[in-house]
There are 2 protein chains.
Amino acid sequence: MNRVTNISQQFAAHNYKLTPQREAIVRILLDNEKDHLSVEEVYMLVKRKFPHLGLATVYRTLELLCELHIVQKMNFGDGVARYDLRDDDHMHMHHHLICNVCGKLEEIKDDWLLELEARVAREYGFSVTDHRLDFKGTYNSCQKNGCKGDKECRAVS
Amino acid sequence: MNRVTNISQQFAAHNYKLTPQREAIVRILLDNEKDHLSVEEVYMLVKRKFPHLGLATVYRTLELLCELHIVQKMNFGDGVARYDLRDDDHMHMHHHLICNVCGKLEEIKDDWLLELEARVAREYGFSVTDHRLDFKGTYNSCQKNGCKGDKECRAVS
DNA sequence: GCTTATATCGTAAGGATTACTAATTATTCT
DNA sequence: AGAATAATTAGTAATCCTTACGATATAAGC
């Protein structure tokens with residue numbers, strides 16, 4: 001099924017309407033799935049096709065998408081919230097690799113934590129509904145370029 | 001060795017001085033290790049013993065501690081940065097359990113990710129220097145109290 | 001078609017963090 | 001010890017991101 005149609009149905013299921021503004025925002029997110037866009041970036045991109053759209057609408061729509069578990073609001077330490085499309089099952093977030101040198105943010109779609117979640121349930125009496133796993137480090141290909149220094153810790157990870 | 005002494009040496013090693021203000025802040029962090037304090041909370045606590053301390057000094061000191069890898073700045077979604085003491089080796093962060101019902105934040109000190117880090121290195125050519133692993137879910141003991149709803153997704157996780 | 005609810009727009013208000021200047025404290029050199 | 005230099009702090013102003021608000025516009029129900 002078309003992803004926009006799918007999302008439209010999820011809106012309807014919760015008595016929300018997929019207005020033209022909301023649809024434009026959703027399309028921007030789908031078209032830039034790899035990019036972990038910030039509110040401002042979404043705003044800029046969607047304004048090309050929809051010049052009259054207001055910034056507050058972007059904030060509200062992203063909050064709505066978050067509530068519907070279509071996206072996940074995240075903070076990678078650059079001072080702005082970023083939004084990441086969830087997997088189709090809307091269950092778990094994928095993992096991230098964040099390079100200290102080049103700054104690249106790569107996604108790992110596999111879920112590597114099923115075993116650990118079972119362990120958490122067993123040992124801590126805690127049933128996991130979601131997780132977040134980020135790795136910081138350096139790509140081997142970036143290693144030779146040297147490290148920019150140890151300032152990355154200042155970021156809110 | 002005394003932890004304050006140890007930290008003092010780390011300051012000296014980087015040509016920073018452990019001033020009375022900085023030491024007071026460090027002591028507050030050590031005394032409230034489990035609590036993931038925010039800047040404002042540190043400020044309030046340290047002012048009891050050190051009424052003339054300024055808020056900006058708290059911000060600067062925590063940034064400094066972050067640079068020295070003594071603490072880790074984190075964002076758990078409540079709009080403020082929180083600071084978490086690193087393990088003694090200053091290498092890796094511990095993991096967190098965050099309950100959707102009671103809001104409790106528990107730490108898991110074991111490092112469960114060594115194998116996954118090896119896998120990342122092998123499959124992605126990425127050598128991990130640090131990680132972040134948070135589990136969201138509910139304690140079995142909280143389950144019977146019911147869930148507050150699905151608004152937790154609005155938080156920046 | 002009129003009424004009611006929902007969504008948008010633009011901007012004002014809020015809150016957390018950073019930037020900045022003057023004052024204070026420590027260090028170095030003679 | 002005393003002057004000069006450097007490091008640190010205090011207090012507040014400025015900045016930036018986000019939320020709140022009132023008015024307008026759009027859609028839904030009868």
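Note on naming: letters A, B, ... go to the chains in the order of the sequence lines (proteins, then strands), and numbering restarts at 1 for each one. Nothing here was measured: the structure is a model prediction, and the numbers come from that model.
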Q.
Can you identify which nucleotide, out of dT17(C), dA7(C), dT9(D), has its nearest atom closest to the Lys17(A) side chain?
A. dA7(C)
Q) Nearest to the side chain of Leu53(B), which nucleotide is it out of dT18(D), dA10(D), dC9(C)? A) dA10(D)
Under-4.0 Å salt bridge between [X] and [Y]:
X	Y	answer
Arg3(A)	Glu33(A)	yes
Arg119(B)	Glu115(B)	no
Glu106(B)	Lys34(B)	no
Arg132(B)	Asp134(B)	yes

Side chains of [X] and [Y]: is there a donor and an acceptor less than 3.5 Å apart?
X	Y	result
Asp84(A)	His96(A)	yes
Gln21(B)	Thr57(B)	no
Tyr83(A)	Glu63(A)	no

Could you state the [atom1]-[atom2] distance from [X] to [N], rounded to the nearest angstrom?
X	N	atom1	atom2	value
His14(B)	dA7(D)	NE2	C1'	17 Å
Leu64(A)	dA7(C)	CG	P	8 Å
Leu55(B)	dG15(C)	CG	P	14 Å
Tyr59(A)	dC17(D)	OH	P	7 Å
Met74(A)	dC17(D)	CE	C1'	19 Å
Leu18(A)	dT8(C)	CG	P	10 Å
Gln21(A)	dT26(D)	CD	C1'	9 Å
Ile25(B)	dT9(D)	CD1	P	8 Å

**Q.** 5' priority, DNA chain C, between Pro20(B) and Val80(B) [closest heavy atom]
**A.**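 The 5'-side residue here is Val80(B).
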[N] phosphate, OP1 or OP2: any side-chain N/O from [X] under 4.0 angstrom?
X	N	value
Thr19(B)	dA26(C)	no
Thr57(A)	dC9(C)	yes
Arg60(A)	dA7(C)	no

Q) Which residue lies toward the 5' end of DNA chain D, Gly79(A) or Ala56(B), if each is placed at its nearest nucleotide? A) Ala56(B)
Q: May I ask you to list the residues of residues 35-51 of chain A, by number, that have any heavy atom positioned under 4.0 Å from an atom of DNA chain C?
A: none
